[in-house]
Protein chains: 2
Amino acid sequence: MARKSGIKLTVVVVVMTISEGVLKTLLVRHDDNHWSLPGGIPHSDEPLTKAAERIVLESAGIDMEYLEQLFTFGDFIPDNGARVIEVAYHGLVPSALLRIDKLATRQTISWFAEDDQPPMIDNHQEVVSVAHQRLRGKLAYTAVGFELLPDKFTLADLQNLYEVILGKELDKRNFRKKINDLGILEPTGEERTSRKGRGRPASLYRFKSEVFHTIETKGDIFPF
Amino acid sequence: MARKSGIKLTVVVVVMTISEGVLKTLLVRHDDNHWSLPGGIPHSDEPLTKAAERIVLESAGIDMEYLEQLFTFGDFIPDNGARVIEVAYHGLVPSALLRIDKLATRQTISWFAEDDQPPMIDNHQEVVSVAHQRLRGKLAYTAVGFELLPDKFTLADLQNLYEVILGKELDKRNFRKKINDLGILEPTGEERTSRKGRGRPASLYRFKSEVFHTIETKGDIFPF
DNA sequence: CCAAAAGTGTTAAAACTACACCCATGA
DNA sequence: TCATGGGTGTAGTTTTAACACTTTTGG
């Protein structure tokens with residue numbers, strides 16, 4: 001017998017950051033054996049991006065600065081016939097923000113490195129992997145990577161970010177030269193002594209925000 | 001009073017082609033004053049891409065060779081509270097296929113050039129413009145443009161395609177050199193005398209299909 | 001023989017790649 | 001003073017961009 005074909009709408013978000021030199025993804029515990037992406041159901045009058053923001057804020061206390069629609073998975077139709085429409089977003093947060101360890105929630109929410117992912121429910125593993133691919137792709141021709149850094153950062157931070165996401169090493173001098181030529185950074189005048197207190201302190205930079213959106217148009221800005 | 005929040009799922013497709021030297025989009029007549037994208041509701045057990053294919057086939061008799069998900073618009077909530085989820089796809093068809101004029105359907109379905117678009121219903125104008133942007137973007141780093149040409153084509157055809165989509169003129173010698181270096185074409189041995197019978201006949205080429213997918217990975221293949 | 005489109009190389013400028021040493025700091 | 005990470009320039013190669021004439025065909 002044909003069932004009434006209801007539809008279930010869900011939003012899931014792949015929140016990514018750079019931490020300890022690797023790209024990590026935010027997952028929440030689902031049961032003893034599985035994790036899942038932060039996700040939920042939009043309120044009845046809520047735009048989807050708002051829902052995505054709210055869901056991440058509610059489940060992880062994280063306020064995302066960058067958020068974009070990733071893909072819509074709409075082919076799953078459970079036995080009851082109610083098709084599931086899963087609109088996936090991906091978001092980036094600066095490494096500085098990931099203060100999850102400080103919450104007592106470590107058991108129920110955590111960051112996972114790309115090569116160390118736990119079993120996930122439904123199609124979440126696939127969603128994560130689409131997000132990673134997309135991020136790699138976008139990095140080359142948009143300024144998206146900047147969203148992963150705090151306000152002030154060193155050139156080494158920036159280079160590490162690109163290396164981590166692209167998965168290859170870059171030449172330090174060539175990297176700095178190109179960034180310099182692009183003219184998108186301004187020195188803050190401040191310095192930061194390196195994390196383990198060892199070595200020469202590095203200058204801190206910030207992005208010139210006016211340049212920020214100008215960039216996006218002219219393809220292939222960061223051809224590393 | 002809060003209404004029961006049903007959800008309506010629709011699929012719309014932006015079908016694009018190159019014709020008469022410009023990029024055109026397929027629209028169907030909606031009423032005396034408005035046109036719309038081909039669209040419809042997926043069957044209860046039908047995957048979304050299948051639905052997109054079927055809808056275009058049914059409404060225009062066109063069998064698309066290239067089809068990709070474009071974007072999902074999910075923020076429209078009419079007065080009755082039933083949110084509309086509109087999953088948009090974009091597809092490409094070779095110029096040779098657009099035999100619409102031959103059908104007696106010219107009144108109800110037609111191709112429209114980018115700079116000559118009629119009033120459309122709902123958000124369809126926006127969907128079309130997102131599709132055009134995406135196409136422009138993709139052209140630079142994938143082999144997507146090939147889908148717009150018939151099996152056999154001239155180098156002039158190919159160059160025209162790139163010029164039309166990118167919206168700028170390209171140098172003939174540089175263009176041919178790059179295409180040649182890429183090694184993705186093979187001569188058919190045939191020639192075709194130009195459309196108006198005037199001028200020297202051009203050699204016809206086809207794509208080496210084995211190369212086809214190899215390409216997609218290494219960013220920035222067509223940096224014109 | 002004229003109009004129209006196809007086809008073909010060279011050169012200068014710019015971008016990219018590879019590469020090695022000195023500097024400032026804390027321990 | 002040493003270990004650690006920050007910072008800097010050059011030369012060879014590759015890629016890109018600009019540019020004009022000859023060839024083949026149909027009318």
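Atoms considered below: every heavy atom in the structure, side chains included; atoms not considered: hydrogens, waters and symmetry mates. Note that the structure is a prediction, hence the values are computed from the model and not measured. Within every chain, numbering begins at 1; the chains are lettered A, B, ... in the order of the sequence lines, protein sequences first and strands thereafter.
Note: CD (Gln159(A)) to P (dT8(D)) measures 13 Å, nearest angstrom. Whole-Å rounding puts the Ile179(A) CD1 to dG6(D) P distance at 15 Å. Rounded to whole angstrom, the span from the CG atom of Asp157(A) across to the C1' atom of dG6(D) amounts to 12 Å. Rounded to whole Å, the distance from CG on Leu170(B) to P on dT16(D) is 13 Å. Spacing between atom NZ of Lys168(B) and atom P of dT16(D) amounts to 12 Å, rounded to whole angstrom units. Rounded to whole Å, the distance from CZ on Phe153(A) to C1' on dG5(D) is 18 Å. In this structure, CG of Leu182(A) is placed 12 Å from C1' of dA15(C), rounded to the nearest angstrom. Between the NZ atom of Lys172(A) and the P atom of dG9(D) there is a distance of 13 Å, rounded to whole Å.
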With a 3.5 Å cut-off and sequence neighbours excluded, list the donor-acceptor pairs that the side chains of residues 125-133 of chain A form with protein atoms.
residue   : atom : partner   : partner atom : Å
Gln125(A) : NE2  : Gln117(A) : OE1          : 2.9
His132(A) : ND1  : Glu114(A) : OE2          : 3.3
His132(A) : NE2  : Thr25(A)  : OG1          : 3.0

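Spacing of C1' atoms, dC2(D) relative to dC22(C), comes out at 15 Å, to the nearest Å.
Scored by the salt bridge (charged side-chain N to carboxylate O under 4.0 Å, His left out) test, Lys177(B) finds no partners at all (sequence neighbours excluded). Residues that satisfy the ring-ring contact (aromatic ring centres under 6.0 Å, His included) test with Tyr205(B), not counting sequence neighbours, are absent from this structure. Not counting sequence neighbours, Tyr89(B) has no partner by the ring-ring contact (aromatic ring centres under 6.0 Å, His included) test. Partners of Glu163(B) by salt bridge (charged side-chain N to carboxylate O under 4.0 Å, His left out), not counting sequence neighbours: none found. Residues passing the salt bridge (charged side-chain N to carboxylate O under 4.0 Å, His left out) test with Arg173(B): none are found, sequence neighbours excluded. With sequence neighbours left out, Glu58(B) forms a salt bridge (charged side-chain N to carboxylate O under 4.0 Å, His left out) with Arg54(B).
Here Lys178(B) does not pair with Asp171(B) in a salt bridge; the nearest charged N to carboxylate O distance is not below 4.0 Å. With respect to Asp157(B) and Arg192(B), a salt bridge is recorded, a charged nitrogen being found less than 4.0 Å from a carboxylate O.
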Pairwise N/O distances under 3.5 Å, protein to nucleotides 25-27 of chain D:
residue : atom : partner   : partner atom : Å
dG26(D) : O4'  : Gly197(B) : O            : 3.1

Polar pairs (N or O, both sides) under 3.5 Å between protein and nucleotides 9-14 of chain C?
residue : atom : partner   : partner atom : Å
dT10(C) : O4   : Lys177(B) : NZ           : 3.0

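Phosphate contact (OP1/OP2 of dG7(C), side-chain N/O of Ser203(B), threshold under 4.0 Å): present.
Residue Lys178(B) has its side chain nearest to dT16(D) when only dT16(D), dT8(D), dA6(C) are considered.
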